[in-house]
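Here's the structure we're looking at; comments come further down.
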Amino acid sequence: MALNPIPSLKSFANETIFSYTCHFSTMSDNLLVYINGEFVPESEAKISIFDHGFLYGDGVFEGIRAYNGKVFKLKEHIDRLYDSAKAIDLQIPIGKEEFIEIILETLRRNGLRDAYIRPIVTRGVGDLGLDPRKCSKPSIIVITKPWGKLYGDLYEKGLTAVTVGVRRISFDALPPNIKSLNYLNNILAKIEANAKGGDEAIFLDRNGYVSEGSGDNIFIVKNGVVMTPPTINNLKGITREVVIELVKKLNIPFRETNLGLYDLYTADEVFVTGTAAEIAPIVVIDGRKIGDGRPGEVTKKLMDEFRKLTETEGVPIYE
Ligand code: PLP
């Protein structure tokens with residue numbers, strides 16, 4: 001019996017990279033990556049198969065953006081990285097100032113002004129057991145890539161979202177506030193949204209309250225009031241915080257409150273926020289048109305104000 005030929009590794013790699021290029025630039029630019037004290041080309045950046053970040057998702061990460069030569073909310077992201085690490089009892093072996101310098105230096109060495117930045121700290125190399133005590137030294141990695149809009153041209157016409165059956169993992173199991181390397185809960189939601197034809201998934205928590213998107217926080221606007229759920233069962237998003245500040249500055253009434261599906265379906269506007277997504281309007285949820293089915297005025301105003309802020313604020317990379 002003839003067996004199907006196994007695709008060569010090379011063609012498999014090409015395929016993978018091809019589908020990945022939808023949004024990210026590929027490895028072909030071979031930028032430098034910081035990995036445990038060295039700057040090495042992406043193609044040579046390697047991590048041990050015994051690293052518990054790889055074996056168990058035991059580690060933490062951040063997603064940060066630089067705009068126009070400045071890193072947006074760098075201190076806030078670093079603080080969250082160290083808080084995530086603290087929550088899993090992972091001691092990052094360098095100080096916050098040094099970490100910031102490594103990020104800036106990685107950007108400089110790659111000549112980047114607009115970029116997506118991915119710092120990662122793993123438990124480090126151990127044995128095949130779970131015990132973190134076997135891992136003597138955390139691995140520190142910083143990847144920087146040019147990156148545009150997560151949702152491409154959907155920002156103008158708005159995204160379609162679907163609520164998913166998989167619940168946001170509960171704060172008393174694995175707190176969603178830990179930005180850990182274990183993103184399977186989020187990936188399951190994304191798989192479900194893909195299968196249902198949604199651009200983004202909306203999680204409910206185990207009590208049925210609206211939690212967040214697969215990689216972003218969620219807001220609604222109803223009768224002129226901007227509302228978002230509290231952050232016990234979702235990530236304390238840094239963009240969420242920026243948006244709340246903008247809402248207050250614009251004198252728009254704001255409430256942090258539990259939301260149900262009814263609130264989503266009957267909202268005048270819905271949008272999600274995140275470093276990758278920025279502010280993205282949602283115009284259909286589970287087949288219900290939100291408002292008039294187009295990005296709303298409050299959302300558009302916030303998108304505009306957010307863009308102005310990202311262009312002017314941040315830690316300079318090159319000065
Ligand atoms: N929620 C989840 C699950 C995320 O992964 C992210 C992005 O990191 C966010 C929300 C938004 O957080 P931030 O605005 O800090 O990027």
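Counting convention: from 1, in listed order, for ligands and their atoms alike. In what follows, every heavy atom counts, from backbone to side chain, and hydrogens, waters and symmetry copies are set aside. Predicted model only: the values in this text are computed from it and were never measured.
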Under 4.0 Å between a side-chain nitrogen and a carboxylate oxygen: does that hold for R206 and D172?
yes
Does some non-hydrogen atom of G63 fall short of 4.0 Å from ligand 1?
no
Atoms in ligand 1 with a heavy atom of N217 nearer than 4.0 Å
10 (C), 11 (C)
Tell me which part of K236 gets within contact of ligand 1: side chain, backbone, both or neither, using heavy atoms under 4.0 Å.
neither
Under 3.5 Å, N or O to N or O, is H77 touching ligand 1 that way?
no
Does any N/O atom on T273 come nearer than 3.5 Å to any N/O atom on ligand 1?
no
Within the structure, does I238 bring an N/O atom to less than 3.5 angstrom of an N/O atom in ligand 1?
yes
Report yes or no: does a heavy atom of K73 sit under 4.0 Å from some atom of ligand 1?
no
What protein heavy atom is closest to atom 14 (O) of ligand 1, reported as residue, atom name and distance in Å?
T239 OG1, 2.6 Å
Do the side chains of L204 and Y209 join up, straight or via other hydrophobic residues, at under 4.5 Å, putting them in one cluster?
no
Decide whether an N or O pair under 3.5 Å exists between N186 and ligand 1.
no
Could you work out, for atom 4 (C) of ligand 1, the closest of F61, F203, Y183 by heavy-atom distance?
Y183
With respect to E62, which candidate in K179, R118, R80 satisfies the side-chain hydrogen bond (donor to acceptor under 3.5 Å, both in side chains) definition?
R80
Suppose we screen for ring-ring contact (aromatic ring centres under 6.0 Å, His included). Which residues come up paired with F39, at least two apart in sequence or across chains?
Y34
Looking at atom 1 (N) of ligand 1, what's its closest protein heavy atom, distance included?
E212 OE1, 2.6 Å
Establish, for the pair R288 and Y265, whether the NZ or CZ atom is under 6.0 angstrom from the six-membered ring centre and no further than 45 degrees off its axis.
yes
Looking at E105 and R108, is there a salt bridge between them, counting it only when a charged N and a carboxylate O are closer than 4.0 Å?
yes
Between K301 and E305, is there a side-chain N and carboxylate O pair less than 4.0 Å apart?
yes
Salt bridge R294-E269, side-chain N to carboxylate O under 4.0 Å
no
Residue-level breakdown please: for R168 versus ligand 1, do any non-hydrogen atoms fall below 4.0 Å on the side chain, on the backbone, on both, or on neither?
side chain
Please determine if K179 has a nitrogen or oxygen closer than 3.5 Å to a nitrogen or oxygen of ligand 1.
yes
Write out the residue and atom name of the closest protein heavy atom to atom 6 (C) of ligand 1, then the distance separating them to 0.1 Å.
G215 O, 3.2 Å
Which of the numbered atoms in ligand 1 are under 4.0 angstrom from any heavy atom belonging to G237?
12 (O), 13 (P), 14 (O), 15 (O)
Taking the non-hydrogen atoms of N234, is any one of them nearer than 4.0 angstrom to ligand 1?
no
Check: S214 N/O within less than 3.5 Å of ligand 1 N/O
no
Is it true that the side chains of R168 and N234 contain a donor and an acceptor less than 3.5 Å apart?
no
Before accepting this row, confirm whether a basic side-chain N of the pair K73/E241 lies closer than 4.0 Å to the acidic partner's carboxylate O.
no
Test: K248 and E245 ion pair at under 4.0 Å:
no
